[in-house]
Amino acid sequence: MKRRTWWTLQGLIVGVTLVGVTAVFAETVYVQARTAQLRSGKTSLDQVVANLRYGDPLEVLKKEGSWLQVKTESGAQGWIYAGKTSKTKPSGGDNGLAQLGRSMRGSEASAVTASAGARGLDKVSEGYANRAGISQKDRDTVDRMTAYQIADQEVEEFLKEGGLGEYAK
């Protein structure tokens, strides 16, 4: 009986040790970018699986070049450019400006704001432009710049050619 207990205890110790060794290989990284998206593949054109927030922990499942296949706390899995992560957890001692930035990060432009931007200056902005003495020429320039659109494929080709973003060497 004592011999059986000894073997059971020894097996338990080996089992716990193996579990411990496995846990050592699990790596956690943290989102270090103001905006980051988890994607189904390893390009910025792949479908967005989840929007990530600054400081979110991610479990690394696989590494391929500059990309990490990760799993979020909610269980979503996908790929993120490694340059948007860090092995160190962001500190909690932020100043007021950083806290404000994080609170604003989750908000998006309303449909009204977005459509106003597409039409040019809204009434409030137009009033400011009048009070500030901004010329019509400058206003027209801003309207032209905001109306300009670039296709995703063009952005992807630009990043590849320039070795930028996830294509940096």
Side-chain angles (χ1 to χ4, degrees), residues 19-125 128-129 132 134 141-169:
V19 169
V21 169
T22 303
V24 170
F25 290 111
E27 181 181 3
T28 299
V29 295
Y30 301 90
V31 176
Q32 290 292 323
R34 284 186 270 173
T35 60
Q37 295 175 321
L38 193 60
R39 297 191 175 269
S40 61
K42 297 177 280 184
T43 73
S44 59
L45 295 177
D46 287 306
Q47 181 180 357
V48 174
V49 176
N51 288 305
L52 305 172
R53 299 178 76 138
Y54 177 80
D56 281 351
L58 304 169
E59 178 186 346
V60 177
L61 304 174
K62 187 180 195 179
K63 294 179 184 181
E64 284 188 19
S66 296
W67 288 87
L68 302 175
Q69 185 179 30
V70 297
K71 182 178 177 181
T72 67
E73 286 184 319
S74 65
Q77 290 187 24
W79 293 89
I80 185 169
Y81 179 63
K84 293 196 173 213
T85 66
S86 172
K87 292 182 181 186
T88 57
K89 185 175 184 175
S91 64
D94 292 324
N95 62 30
L97 185 58
Q99 290 172 349
L100 177 62
R102 264 197 317 286
S103 69
M104 299 292 286
R105 207 174 296 131
S107 64
E108 296 196 17
S110 68
V112 173
T113 304
S115 65
R119 290 191 313 268
L121 296 176
D122 62 20
K123 293 297 178 194
V124 174
S125 300
Y128 171 78
I134 298 173
T141 301
V142 169
D143 288 343
R144 279 194 309 278
M145 289 186 326
T146 57
Y148 189 74
Q149 295 182 0
I150 301 172
D152 287 344
Q153 189 61 42
E154 288 180 82
V155 172
E156 187 77 17
E157 289 171 12
F158 174 80
L159 293 172
K160 282 181 184 177
E161 287 176 20
L164 303 170
E166 59 261 28
Y167 302 104
K169 295 175 175 79

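Computed from heavy atoms alone, side chains included, the values below leave out hydrogens, waters and symmetry copies. On a predicted model such as this, the values are computed, not experimentally measured, just so you know. Along the sequence shown, residues carry numbers from 1.
Atom NZ of K89 sits about 11.5 Å away from atom CD of Q32, to the nearest 0.5 Å. With rounding to the nearest 0.5 Å, the separation of OH in Y30 from OG1 in T85 is 11.5 Å. Within the model, atoms CG of D56 and CG of N51 stand 10.5 Å from one another, a figure rounded to the nearest 0.5 Å. In this structure, CG on L68 lies 13.0 Å from NZ on K84, to the nearest 0.5 angstrom. Note that CG of L61 is 11.5 Å distant from NZ of K63, once rounded to the nearest 0.5 Å.
Looking at every heavy atom in both residues, V29 comes nearest to K87 through CG1-CG, 4.4 Å. Among all heavy-atom pairs drawn from L52 and Q37, the shortest one is CD1-C, 4.3 Å. The nearest pair of heavy atoms linking G41 to W67 is O-CZ3, 4.3 Å. The minimum heavy-atom distance between P90 and Y54, with the atom names listed, is CB-OH, 3.5 Å. Closest non-hydrogen pair, L38 versus G78, comes out as CD1-C, 3.5 Å.
Heavy atoms of other residues, nucleotides or ligands lying less than 6.0 angstrom from CD of E64 number more than 12.
The side chain to side chain contact (heavy atoms under 4.5 Å, CB included) with I80 is formed by just one residue from the set V70, T72, V49; it is V70.
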Could you give me the CA-CA distance, side-chain angles and deciding distance for Y81 and R39, then say whether side chain to side chain contact (heavy atoms under 4.5 Å, CB included) is met?
CA-CA 9 Å; Y81 179 63; R39 297 191 175 269; over 6 Å; no
